[in-house]
Number of protein chains: 2
Amino acid sequence: MLSQKSKYALRALLLLARQPPGEMVLVGEIAEQQNVPHKFLELILLELRKQGILFSQRGRNGGYTLARPKEAITFGEVIRIMDGPLAPLPCASVAGYRRCVDCQDERTCEIRQVMCSVRNAVADVLDNTSLADAIANGLSRERTALAS
Amino acid sequence: MLSQKSKYALRALLLLARQPPGEMVLVGEIAEQQNVPHKFLELILLELRKQGILFSQRGRNGGYTLARPKEAITFGEVIRIMDGPLAPLPCASVAGYRRCVDCQDERTCEIRQVMCSVRNAVADVLDNTSLADAIANGLSRERTALAS
DNA sequence: TGCTTTCCCTATAAAGATAATAGGATTATA
DNA sequence: TATAATCCTATTATCTTTATAGGGAAAGCA
């Protein structure tokens, strides 16, 4: 399940991705527009900055902006930062592998094998969807909906 | 993330799937072999029985057995019973759809669209993997491992 | 220089979900 | 009727998520 934190993070990033490149936006503006608690959003944006997703400036005329082009930020990267590994089980994770303490034989564990397939299927979607992709799909859907 | 409950449930079901069809197994035996708390496993098996996955018999010579052939029980079905919908967001779920309370326009929500893709990718794996499939894959991997 | 605005940082509380335990009720068999 | 097993409800314990609070530090401007 996607956490509230990831949802807020993605909302904020999509909002920033819709701005002209380099445009600074205040935490308060994002919070208000997206219905996210201000202070909670601060924590989220702070973490995204530390992880190189956002660039920030303090003081007057400060705010946040994407640290990279919107084509170069994927859903997978964002969700991993907020929620941790994509895999349904630690033992099926590539980046965040951890052995199951009560697993009798990982090499033959059927559950692990299936969860590895799930992990790959999920990563295939999320690591290949950028903020730009998501926005573009949204627009094309919108056009389709209006045309029909 | 897969819950402990789902993991225990799948372990128990895979154990039962490896028995001769119709063979009754005690909760206590499953709990011991799979390192699962006895009383907790009882709750899990009980729910699986209510949902038509297991058949049980009380009293002496009682126990649990699969209510259907192992080819006809999928990971998706089991995980939905234990953990609820597969989708990362309620608004992206087919079976358990629920609107996001703070969503401004679901029709154009980019996050929802991506999460629908994730849901489909996950369901595609889990709804097409039966207990029998998982056991068969495990064996073939074992053979491969031994051969190499 | 001092004032304001903004992000930055740490700590903690509140709420909810998950995991587990407990104790007995019911049923089938020998 | 004794026994062994599942069945059922309630409760506790633990952990995670979500959110709040209060101030610290830097940037710009008068």
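From a predicted model like this one, the values you see are computed outputs, not experimental measurements.
- Looking at residues two or more places apart in sequence or on another chain, you find no ring pair (Phe, Tyr, Trp, His ring centres under 6.0 Å) involving A/Phe75.
- Using a 4.0 Å cut-off, no side-chain N or O of A/Tyr8 falls inside it from OP1 or OP2 of D/dT18.
- Rounded to an integer number of Å, the gap from A/Leu45 CG to C/dT6 P is 15 Å.
- Residues that satisfy the side-chain hydrogen bond (donor to acceptor under 3.5 Å, both in side chains) test with B/Asp102, not counting sequence neighbours, are A/Arg11.
- Taking atom CG on B/Asn35 and atom C1' on C/dA20, their separation rounds to 15 Å, with Å as the unit.
- Annotation: salt bridge (charged side-chain N to carboxylate O under 4.0 Å, His left out) contacts of A/Arg119 (sequence neighbours excluded): none.
- Rounded to whole Å, the distance from CG on B/Leu46 to P on C/dG23 is 19 Å.
- A donor-acceptor pair is defined here as one N or O able to donate and one able to accept, closer than 3.5 Å; no such pair exists between the side chain of A/Asp124 and the backbone of A/Ala121.
- Side-chain atoms of A/Asn120 and A/Ser117 include no donor-acceptor pair closer than 3.5 Å.
- The distance between atom CD of B/Glu42 and atom P of D/dA10, rounded to the nearest whole Å, is 17 Å.
- For A/Asp127, the salt bridge (charged side-chain N to carboxylate O under 4.0 Å, His left out) partners at least two apart in sequence or on another chain are A/Arg80.
- In terms of phosphate contacts, A/Arg49 brings no side-chain nitrogen or oxygen within less than 4.0 Å of OP1 or OP2 of C/dC7.
- Straight-line distance from the NE2 atom of A/His38 to the P atom of D/dG23: 16 Å, rounded to whole Å.
- Separating the CE atom of B/Met1 from the P atom of C/dA19 is a distance of 10 Å, rounded to the nearest angstrom.
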Return a single string for nucleotides 24-30 of chain D, one symbol per nucleotide in 5' to 3' order, where B is base contact, S is sugar-phosphate-only contact and - is none, cutoff 4.0 angstrom on heavy atoms. BBSBSS-
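- The side chain to side chain contact (heavy atoms under 4.5 Å, CB included) check on A/Ala95 picks up nothing, with sequence neighbours excluded.
- Every side-chain hydrogen bond (donor to acceptor under 3.5 Å, both in side chains) that B/Ser6 has, sequence neighbours left out, goes to B/Asp83.
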Report, one line per pair, each donor and acceptor closer than 3.5 Å where one atom sits in a side chain of residues 45-64 of chain A; sequence neighbours left out.
none

In B/S/- notation, 5' to 3', how is nucleotides 11-18 of chain C contacted by protein heavy atoms closer than 4.0 Å? --------
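- Rounded to whole angstrom, the span from the CD atom of A/Glu47 across to the C1' atom of C/dC7 amounts to 16 Å.
- Between D/dA19, C/dC8, C/dG24, one nucleotide has an atom nearer to the side chain of B/Lys39 than all others, and that is C/dG24.
- Nearer the 5' end of DNA chain D, as judged by each residue's closest nucleotide, is the contact made by B/Gly62, out of A/Leu2 and B/Gly62.
- For the helix from C/dT1-D/dA30 to C/dA30-D/dT1, the end axes, each set by the C1' atoms of five terminal pairs, are bent relative to each other by 0° (nearest 10°).
- Applying the 4.0 Å criterion to OP1 and OP2 of C/dC8, one finds that A/Tyr64 has a side-chain N or O inside that range.
- Counted within 6.0 Å of CZ on A/Arg68, heavy atoms from surrounding residues, nucleotides or ligands total more than 12; the atom is thus considered enclosed.
- Among the heavy atoms of the strands lying under 4.0 Å from A/Lys50 are primed sugar atoms or P, OP1, OP2 only; no base atom is included.
- Neither OP1 nor OP2 of D/dA5 sits under 4.0 Å from any side-chain N or O of B/Ser56.
- Ranking D/dT20, C/dA20, D/dT6 by closeness to the B/Pro37 side chain, first place goes to C/dA20.
- Between the CD atom of A/Glu29 and the C1' atom of C/dC7 there is a distance of 14 Å, rounded to whole Å.
- In terms of the ring pair (Phe, Tyr, Trp, His ring centres under 6.0 Å) criterion, residue partners of A/Phe40 (sequence neighbours excluded) are, by chain and number, A/Tyr8.
- Using a 4.0 Å heavy-atom cutoff across all strands shown, B/Gly63 reaches sugar-phosphate atoms only and no base atom.
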Using distance only, find each side-chain donor-acceptor pair of residues 15-34 of chain A under 3.5 Å and give its atom names and separation, not counting sequence neighbours.
from    : atom 1 : to       : atom 2 : distance (Å)
A/Arg18 : NH1    : B/Glu110 : OE2    : 3.1
A/Gln19 : NE2    : A/Leu15  : O      : 3.1

